[in-house]
Structure formats: structure tokens, C-alpha cells
Amino acid sequence: MLFRSKWSPGDRLYFDMNSRLGSGNNVADHTGIYIGNNEFIQASSSKGVTISSIAPNSYYMDKLIAVKR
């Protein structure tokens with residue numbers, strides 16, 4: 001379900017953030033909730049709750065490994 005055209009607000013996004021270190025193994029270590037319009041909501045210990053882009057070629061799109069409804 002990685003095809004954006006099938007995503008709906010409320011879908012869960014799973015990311016492998018370790019892939020940025022070259023050691024990514026497709027294990028989800030970060031999640032977010034898709035809110036529509038190429039955006040998702042996420043939480044972090046440093047920034048709190050934020051809205052981020054999941055547009056094509058975005059930082060987070062490169063880390064995305066799964067989308068679940």
C-alpha cells in the first residue's frame with residue numbers, strides 16, 4: 001500500500017529511520033499518521049508533535065517502509 005493514491009487520512013505510516021546511517025534493515029523504528037495533502041503527524045522527544053511532509057522525494061518518503069490502514 002505504498003501507492004499514495006490509495007492512502008486515506010488516518011492511515012499509519014512506518015519508517016526505518018536507521019536507513020539514514022546506511023544500516024537500514026526495513027525495521028520500523030518511527031511511526032506517523034497520514035492526515036492528507038502529502039502531510040503526516042508525528043511526535044518526537046525533541047520537537048513534540050509536528051506536521052511533516054511526505055511528498056515524493058521528501059526526506060521522510062525515502063525512509064517509508066509501510067502504510068497500514
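Results of the side chain to side chain contact (heavy atoms under 4.5 Å, CB included) test with Y14 over I65, D29, V27, N26 single out I65 as the only residue that passes.
Taking every heavy atom of both residues into account, R69 and K6 meet most closely at NH2-O, 2.6 Å. When every heavy atom of S53 is checked against every heavy atom of S58, the shortest pair comes out as O-OG, 3.7 Å. In plain terms, the two heavy atoms of L13 and F40 that are nearest each other are CD1-CB, 3.5 Å. Here the shortest heavy-atom pairing between Y34 and N37 reads OH-N, 3.5 Å. Nearest heavy-atom pair, A55 versus M61, reported as atom, atom and distance to 0.1 Å: O-CB, 3.5 Å.
Looking at residues two or more places apart in sequence or on another chain, you find a side chain to side chain donor-acceptor pair (under 3.5 Å) between N38 and R4.
Under the 3.5 Å distance criterion, with hydrogens and angles disregarded, no donor-acceptor pair is assigned to the side chains of R12 and T31.
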Using atom types as modelled, flag every donor-acceptor pair under 3.5 Å from a side chain in residues 42-50 to any protein atom, sequence neighbours excluded.
| from | atom 1 | to | atom 2 | distance (Å) |
| --- | --- | --- | --- | --- |
| Q42 | OE1 | H30 | NE2 | 2.5 |
| Q42 | NE2 | S52 | OG | 2.6 |
| Q42 | NE2 | Y60 | OH | 3.2 |
| S44 | OG | K47 | N | 2.9 |

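Taken together through direct or relayed side-chain contacts under 4.5 Å among Ile, Leu, Val, Met, Phe, Trp and Tyr, V67 and M17 form part of one hydrophobic cluster.
Within 6.0 Å of the CD1 atom in I33, the count of heavy atoms belonging to other residues, nucleotides or ligands does not exceed 12.
With rounding to the nearest 0.5 angstrom, the CG atom of L64 is 5.0 Å from the CD1 atom of I54.
Using a distance-only test at 3.5 Å, with no hydrogens or angles considered, no donor-acceptor pair links the side chain of D62 to the main chain of Y59.
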